[in-house]
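Here's the structure we're looking at; comments come further down.
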Amino acid sequence: MRNTEILVSGGGIAGAALAYWLRAAGFTVTVVERAPGPRPGGQTVDLRGAGREVVARMGLMDQARAVAVDQEGMALVDAKGRVKATMPVDAFGGEGIISEIEILRGDLARVLYEATLPDTEYVFDDTIIGLDQDDDGVTVTFEKAHSRRFGLVVGADGTHSVVRALAFAPESDCVRPLDVYNAWFTTTDAMELGGWYKMFNAPGGLVASARPGRLPGEVKAALAFRSPPLVYDRSDLGAQRALVASRFAGVTGWEVPRLLRGMETASDFFFESMGQVHLDGWSRGRVALIGDAGHCPTPLTGLGTSLALVGAYVLAGELATTGDHRAAFARYDEIMRPYVTEAQKLPPGGASGFAPSSALAIRMRAASMRSMTRWPMRSLIAAQFAKAGNITLPDYRPLAVR
């Protein structure tokens with residue numbers, strides 16, 4: 001490649017992982033991130049399957065394990081807090097609903113970010129507003145910084161990707177909504193969790209959950225609900241909090257009132273609709289997409305982190321070994337497409353399995369979970385969890401730009 005300067009949009013897990021592998025191959029990498037610095041906290045993500053292998057090839061498993069969250073597994077509870085079904089963390093060889101290694105999103109992103117220093121340039125508190133491609137490169141216009149020239153641009157900027165909107169298509173053409181909305185936040189209000197990720201379902205497609213954070217007394221909470229598409233201001237957190245509170249008004253079961261109080265004062269409140277990103281190709285000219293920007297599978301699959309880590313590894317490896325971005329992008333799609341296709345298949349029940357609408361469906365969900373570790377359900381569920389490893393990772397080592 002003549003121009004080995006690459007701009008990555010998004011400094012999260014996908015962006016930092018890509019920067020790591022690109023720098024290992026000898027590319028000059030700049031990462032632009034809208035946040036003023038590395039994003040802290042967040043909810044837990046799964047380090048499983050091929051994604052875990054990528055982190056191992058980075059030599060970062062010790063760092064990842066050092067910030068992992070200690071959890072017993074997942075438990076479904078009723079309105080009185082009584083446990084109705086459990087899946088311990090060691091089920092399915094540590095690859096079950098709660099994986100052996102669960103890490104707060106911000107902690108994993110920080111591990112990856114620090115591994116890219118000091119050889120990666122980071123431009124925080126800025127974003128891309130324009131892309132102008134030609135045969136030799138891409139002129140990038142930023143919201144704050146001066147325009148710059150790069151050989152390639154990669155969008156690793158999430159479901160609401162700016163790069164995708166500029167180079168591919170509007171978000172409405174790329175994202176398939178699941179009609180599920182979720183609010184995530186952190187609270188320090190003491191709860192009896194016993195190390196378990198506890199989840200409570202209420203009729204009407206309502207879901208409340210809480211799990212231990214990494215720090216003492218820290219609780220990672222979520223309030224989710226099913227709904228037809230909603231129009232809301234993504235920048236108005238007060239209105240989003242009010243929307244969630246209105247959906248859970250009158251629900252007094254389990255810890256819902258406590259969680260609603262915690263939501264009102266949480267400094268890290270985040271509200272999002274669940275949707276999958278589907279594209280017939282992950283590159284347009286000199287622009288490519290990885291992670292949720294290109295193929296978000298939704299949190300219901302538990303495979304978003306694996307796709308991000310594996311995609312970053314494969315894209316960087318192909319760019320380093322093919323010597324031509326067009327061939328590299330084509331190979332990236334060829335290698336990743338079957339893996340992504342399987343990962344995007346939702347678990348049995350899909351959105352309705354996660355957020356049942358009726359009391360009967362809630363009881364059936366608990367019964368289904370109790371049967372997951374027994375024959376004949378075990379083999380079917382094991383196949384779902386095995387998707388994280390359903391790819392043979394190419395060996396690009398040692399990487400070097402051709």
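Note that Arg241 lies in the cation-pi zone of Phe269, set by a 6.0 Å cut-off to the ring centre and a 45° limit from the axis. Taking the ring axis of Trp21 as reference, the NZ or CZ atom of Arg57 does not stay both within 45° of it and closer than 6.0 Å to the ring centre.
Other residues, nucleotides and ligands contribute more than 12 heavy atoms inside 6.0 Å of the CZ atom of Arg365. Crowding of Arg337 atom CZ: a count of heavy atoms from other residues, nucleotides or ligands under 6.0 Å exceeding 12.
Using a 4.0 Å cut-off between charged nitrogen and carboxylate oxygen, Arg211 and Glu102 count as a salt-bridge pair. The pair Arg39-Asp268 does not count as a salt bridge, with every side-chain nitrogen at least 4.0 angstrom from each carboxylate oxygen. Comment: Lys80 does not engage Glu255 in a salt bridge, judged by the lack of any side-chain N to carboxylate O separation of less than 4.0 angstrom.
In this structure, the side chains of Leu259 and Phe248 stay at 4.5 Å or more apart for every pair of heavy atoms. You'll find the side chain of Val163 reaches within 4.5 Å of the side chain of Ile128, heavy atoms only.
Within the structure, the ring pair (Phe, Tyr, Trp, His ring centres under 6.0 Å) test picks out the following pairs touching residues 88-124 (sequence neighbours left out): Phe92-Phe385, Tyr113-Tyr122, Tyr122-Phe124.
The aromatic rings of Phe200 and Trp254 lie tilted to each other, with the angle between the two planes from 30° to 60°.
Proximity of a side-chain donor or acceptor of Ser161 to a complementary backbone N or O of Asp157 within less than 3.5 Å is not detected. Side-chain N or O atoms of Asn201 include none that pairs as donor or acceptor with a backbone N or O of Ala361 at under 3.5 Å.
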message: With side chain to side chain contact (heavy atoms under 4.5 Å, CB included) as the criterion, how do Leu223 and Met263 come out once you've worked through the C-alpha distance, each side chain's angles and the decisive distance to 0.1 Å?
response: CA-CA 9 Å; Leu223 294 168; Met263 179 187 71; 4.1 Å; yes
Step-by-step side chain to side chain contact (heavy atoms under 4.5 Å, CB included) determination, Tyr181 to Leu230: CA-CA 9 Å; Tyr181 294 81; Leu230 298 171; 3.7 Å; yes
task: Given side chain to side chain contact (heavy atoms under 4.5 Å, CB included), test Leu307 with His295 step by step and report yes or no.
output: CA-CA 8 Å; Leu307 292 184; His295 39 67; 3.9 Å; yes
